2 protein chains.
Amino acid sequence: MATLPIKNKIRELRFFAEEMTQQELAELVGVTRQTIMAIEKCKYSPTLEVAFKIAEVFGQSIDEVFQYQSV
Amino acid sequence: MATLPIKNKIRELRFFAEEMTQQELAELVGVTRQTIMAIEKCKYSPTLEVAFKIAEVFGQSIDEVFQYQSV
DNA sequence: ACCTGGTGTACAAAATTATTAACATTGAGT
DNA sequence: ACTCAATGTTAATAATTTTGTACACCAGGT
């Protein structure tokens, strides 16, 4: 696995959103808890669609949830 | 992913950017021409990283380049 | 008519992401 | 100490994205 150039603020956003659990976010997004976990811990980057759904849950834009560091 | 809920403005942005070709965009993004083609024609949605790079080339945010229609 | 560049299609393969299931760890509460 | 929920890890598998290759079509220029 290459190094991931994309970070995110999911964890902060979850706790800011009434301490939403990974499980709750997963259900709102329509993926499994492990997927949220892997994304949150930067194991891999989500697809654009999942990224959109996560941002939508928190009422933010993708660019606010995910930060891309160009090399 | 069956139906694609994500549209994009890549074609317009290319021609707005001095009629940049698919090949040129592909090289700037670091993918192949076929990938740009497929994304532009909504054959599939790109990964978040590729989406970020495309947006970066045009100096736009992801949300400006890609439009997600929630179901 | 012939070339050439840009675009579109098709197919198999490689690479990456997503799912599922099982189990370990942590922390708060009783 | 015990329980429970939330989180973290691993491994195998499924699904999707990306690449490579090849070929076709169209428009402009020579």
Side-chain angles (χ1 to χ4, degrees), chain A residues 1-58 60-71, chain B residues 1-58 60-71:
Chain A
M1 189 183 294
T3 57
L4 285 196
I6 298 177
K7 303 202 179 308
N8 68 80
K9 295 182 176 165
I10 296 178
R11 186 166 216 157
E12 299 141 71
L13 289 167
R14 277 200 301 116
F15 284 97
F16 193 67
E18 298 169 353
E19 307 204 357
M20 179 189 298
T21 64
Q22 292 176 343
Q23 180 66 45
E24 289 168 339
L25 176 55
E27 285 165 7
L28 288 172
V29 171
V31 297
T32 62
R33 179 179 71 82
Q34 286 84 346
T35 295
I36 296 298
M37 243 288 299
I39 295 168
E40 199 170 291
K41 299 290 271 184
C42 292
K43 298 290 184 183
Y44 51 76
S45 298
T47 59
L48 186 56
E49 183 166 355
V50 170
F52 261 116
K53 286 182 181 170
I54 292 173
E56 192 179 46
V57 165
F58 295 117
Q60 310 263 328
S61 71
I62 287 191
D63 300 82
E64 286 167 326
V65 180
F66 298 91
Q67 293 79 45
Y68 176 66
Q69 289 109 20
S70 45
V71 263
Chain B
M1 255 161 239
T3 58
L4 282 197
I6 298 178
K7 302 204 180 308
N8 69 80
K9 295 181 176 167
I10 296 177
R11 185 166 218 156
E12 298 142 70
L13 289 167
R14 277 201 300 118
F15 283 96
F16 193 67
E18 298 169 353
E19 306 203 358
M20 179 188 299
T21 65
Q22 293 176 342
Q23 181 65 45
E24 288 168 339
L25 176 56
E27 285 166 7
L28 288 172
V29 172
V31 296
T32 62
R33 180 179 72 83
Q34 287 82 348
T35 296
I36 296 298
M37 244 287 300
I39 295 169
E40 198 170 293
K41 300 290 271 184
C42 292
K43 298 289 182 182
Y44 51 74
S45 299
T47 59
L48 185 56
E49 184 165 353
V50 170
F52 261 116
K53 287 181 182 170
I54 292 173
E56 192 179 46
V57 165
F58 295 118
Q60 310 262 328
S61 71
I62 286 192
D63 300 81
E64 286 168 326
V65 180
F66 298 92
Q67 293 79 45
Y68 175 66
Q69 290 107 20
S70 46
V71 269

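Here the structure is a predicted model, which means the values were calculated and not measured. Per chain, numbering begins at 1; letters A, B, ... match sequence-line order. The figures that follow rest on heavy atoms only: side chains count, while hydrogens, waters and symmetry mates do not.
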Find the distance A/K41:NZ to C/dT17:P and express it as a whole number of Å. 18 Å

Provide, to the nearest angstrom, the distance between the CD atom belonging to B/Q23 and the P atom belonging to D/dG20. 12 Å

Using atom CD of B/Q34 as one end and atom P of D/dT18 as the other, report the distance to the nearest whole Å. 13 Å

When only distance counts, do a donor and an acceptor, one from the side chain of A/E49 and one from the base of C/dT17, lie under 3.5 Å apart? no

A/E27 atom CD is separated from D/dA5 atom C1', nearest whole Å, by 14 Å

Phosphate oxygens OP1/OP2 of C/dT17: is one of them under 4.0 Å from a side-chain N or O of A/K43? no

Short side-chain N/O contact to D/dA6 OP1/OP2 from A/T21, under 4.0 Å: no

Within this structure, what is the CD-to-P distance between B/Q22 and D/dT19, rounded to whole angstrom? 14 Å

With hydrogens left out and only the distance checked, is there a donor-acceptor pair under 3.5 Å joining B/R33's side chain and the base of D/dG20? no

For D/dG8, does OP1 or OP2 lie under 4.0 Å from any side-chain N or O of A/R11? yes

Whether A/T35 contacts C/dA18 is assessed here as follows: a side-chain N or O lying under 4.0 Å from the phosphate OP1 or OP2. Is that the case? no

Counting side-chain heavy atoms from CB outward, which of C/dT19, D/dG8, C/dT7 is closest to B/F15? C/dT7

Give the rounded distance in Å between these two atoms: CE of B/M37 and P of D/dA24. 16 Å

B/Y44 side chain: which of D/dT17, D/dT9, D/dG20 is closest? D/dT17

Rounded to whole Å, the CD1-P distance (A/I39 to C/dT19) equals 8 Å

Kindly point out which of D/dT17, D/dT18, C/dG8 is positioned nearest to the side chain of B/E40? C/dG8

